[in-house]
Amino acid sequence: QVHLVESGGGSVQAGGSLTLSCTLFGYTFSSYCMGWFRQTPEKEREGVAAIYSDGTSSTYYTDSVKGRFTISQDNAKNTLYLQMNSLKPEDTAMYYCAVDFRLWGERCLGADNYHYWGQGTQVTVSS
């Protein structure tokens with residue numbers, strides 16, 4: 001039974017920072033994709049950042065957050081992080097973490113490919 005728990009969302013002014021956390025429970029596989037996704041009423045769910053891990057790690061980002069967001073993980077804690085700097089109003093969304101045990105590479109950024117999702121945490125950036 002796989003369960004994901006997210007935290008760290010909130011409201012900030014433009015230019016501010018937030019760090020999101022996602023802890024995975026029930027993991028039993030050695031390789032996986034784990035990522036952050038966001039969704040608004042106006043836009044479909046978008047892959048923000050993802051990690052493919054198989055003992056080594058590769059990271060992937062959507063162009064709009066490159067240089068501002070950093071994805072990382074603490075394997076000992078089974079926890080994924082998203083450090084978000086220089087936040088913009090257009091970053092406002094519900095943010096979800098997700099994991100899948102059969103994906104690899106750039107497919108880790110594809111929201112439609114994931115099986116397991118957290119409940120989401122709201123990020124609101126005001127101008």
Side-chain angles (χ1 to χ4, degrees):
Q1 186 175 7
V2 175
H3 184 56
L4 296 162
V5 179
E6 299 139 313
S7 64
S11 298
V12 297
Q13 294 285 326
S17 298
L18 286 172
T19 300
L20 307 182
S21 300
C22 174
T23 299
L24 169 65
F25 301 92
Y27 173 71
T28 59
F29 294 88
S30 60
S31 63
Y32 56 88
C33 290
M34 200 165 181
W36 290 99
F37 303 82
R38 63 188 180 189
Q39 187 171 20
T40 69
E42 296 81 20
K43 299 179 66 175
E44 295 183 349
R45 190 168 297 183
E46 172 191 30
V48 177
I51 288 179
Y52 173 69
S53 180
D54 63 351
T56 61
S57 296
S58 299
T59 59
Y60 307 90
Y61 297 90
T62 191
D63 287 343
S64 64
V65 308
K66 288 180 179 177
R68 299 189 298 122
F69 292 8
T70 303
I71 190 169
S72 62
Q73 62 184 0
D74 184 336
N75 288 330
K77 298 180 179 179
N78 286 331
T79 299
L80 184 74
Y81 302 96
L82 185 67
Q83 181 183 336
M84 303 185 293
N85 298 324
S86 301
L87 283 161
K88 304 175 180 179
E90 51 262 45
D91 296 317
T92 295
M94 184 72 74
Y95 283 70
Y96 301 87
C97 67
V99 66
D100 195 277
F101 305 107
R102 297 178 61 86
L103 301 175
W104 64 275
E106 294 179 359
R107 291 172 58 85
C108 296
L109 265 184
D112 292 342
N113 299 323
Y114 281 77
H115 279 159
Y116 302 103
W117 293 86
Q119 291 295 116
T121 184
Q122 178 68 39
V123 172
T124 302
V125 184
S126 59
S127 60

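Position 1 is the first residue of the sequence, and the numbers go up from there.
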A.B. asks: Look only at the side chain of Gln1 and the backbone of Gly26, and say whether a donor-acceptor pair between them is shorter than 3.5 Å.
C.D. replies: no

A.B. asks: Find out if a path of hydrophobic residues (ILVMFWY) with successive side-chain heavy-atom gaps under 4.5 Å connects Trp117 to Tyr95.
C.D. replies: no

A.B. asks: Can Ile71 be reached from Tyr60 by stepping across I, L, V, M, F, W or Y side chains whose heavy atoms are under 4.5 Å apart?
C.D. replies: no

A.B. asks: Report the distance from atom CD of Glu44 to atom CD of Gln39, rounding to the nearest 0.5 Å.
C.D. replies: 8.5 Å

A.B. asks: Identify the heavy atoms of Thr40 and Thr92 that sit nearest to each other, and give their distance.
C.D. replies: CG2-O, 3.3 Å

A.B. asks: Give every donor-acceptor pair under 3.5 Å between a side-chain atom in residues 97-107 and any protein atom, sequence neighbours left out.
C.D. replies:
{"unit_1": "Asp100", "atom_1": "OD1", "unit_2": "Arg102", "atom_2": "N", "d": "2.9"}
{"unit_1": "Asp100", "atom_1": "OD1", "unit_2": "Leu103", "atom_2": "N", "d": "3.4"}
{"unit_1": "Asp100", "atom_1": "OD2", "unit_2": "His115", "atom_2": "N", "d": "3.1"}

A.B. asks: Any donor-acceptor pair under 3.5 Å linking the side chain of Tyr114 with the backbone of Cys108?
C.D. replies: yes

A.B. asks: For residues 78-88, run the donor-acceptor check on the side chains, cut-off 3.5 Å, and write out each pair with its distance to 0.1 Å, sequence neighbours left out.
C.D. replies:
{"unit_1": "Thr79", "atom_1": "OG1", "unit_2": "Thr23", "atom_2": "OG1", "d": "3.1"}
{"unit_1": "Thr79", "atom_1": "OG1", "unit_2": "Lys77", "atom_2": "O", "d": "3.0"}
{"unit_1": "Asn85", "atom_1": "OD1", "unit_2": "Ser17", "atom_2": "OG", "d": "3.0"}

A.B. asks: Any link between Tyr52 and Tyr61 through a network of hydrophobic side chains (Ile, Leu, Val, Met, Phe, Trp, Tyr) touching at under 4.5 Å?
C.D. replies: no

A.B. asks: To the nearest 0.5 Å, tell me how far Asn75 CG sits from Ser53 OG.
C.D. replies: 5.5 Å

A.B. asks: Evaluate the criterion ring-ring contact (aromatic ring centres under 6.0 Å, His included) for residue pair Trp36 and Phe69; output intermediate values, then yes/no.
C.D. replies: CA-CA 11 Å; Trp36 290 99; Phe69 292 8; over 10 Å; no

A.B. asks: Check whether more than 12 heavy atoms from other residues, nucleotides or ligands sit under 6.0 Å from atom CD of Glu90, and answer yes or no.
C.D. replies: yes

A.B. asks: If you compare all heavy atoms of Met94 against all heavy atoms of Gly120, which two are closest, and at what distance to 0.1 Å?
C.D. replies: SD-C, 3.8 Å

A.B. asks: Starting from Phe37, can I reach Val123 by hopping between I/L/V/M/F/W/Y residues whose side chains sit under 4.5 Å apart?
C.D. replies: no

A.B. asks: Could I get the full list of salt bridge (charged side-chain N to carboxylate O under 4.0 Å, His left out) partners for Asp112, not counting sequence neighbours?
C.D. replies: none

A.B. asks: How far apart are the closest heavy atoms of Met34 and Leu4, and which atoms are they?
C.D. replies: CE-CD2, 3.8 Å

A.B. asks: Side-chain contact test, heavy atoms from C-beta onward, threshold under 4.5 Å: evaluate it for Val65 versus Glu46 and give yes or no.
C.D. replies: no

A.B. asks: Any idea which heavy atoms bring Gly118 and Glu6 closest together, and the distance?
C.D. replies: C-OE1, 3.2 Å

A.B. asks: Can you check whether Asp91 reaches Arg68 side chain to side chain, under 4.5 Å on heavy atoms?
C.D. replies: yes

A.B. asks: Between Ser7 and Thr121, which heavy-atom pair has the shortest distance, and what is it?
C.D. replies: C-OG1, 4.4 Å

A.B. asks: Between Val12 and Leu20, is there a shared hydrophobic cluster once you connect ILVMFWY residues whose side-chain heavy atoms come closer than 4.5 Å?
C.D. replies: yes

A.B. asks: Considering all heavy atoms of both residues, which atom of Ala93 and which atom of Gln122 are nearest to each other, and what is their separation?
C.D. replies: O-NE2, 3.3 Å

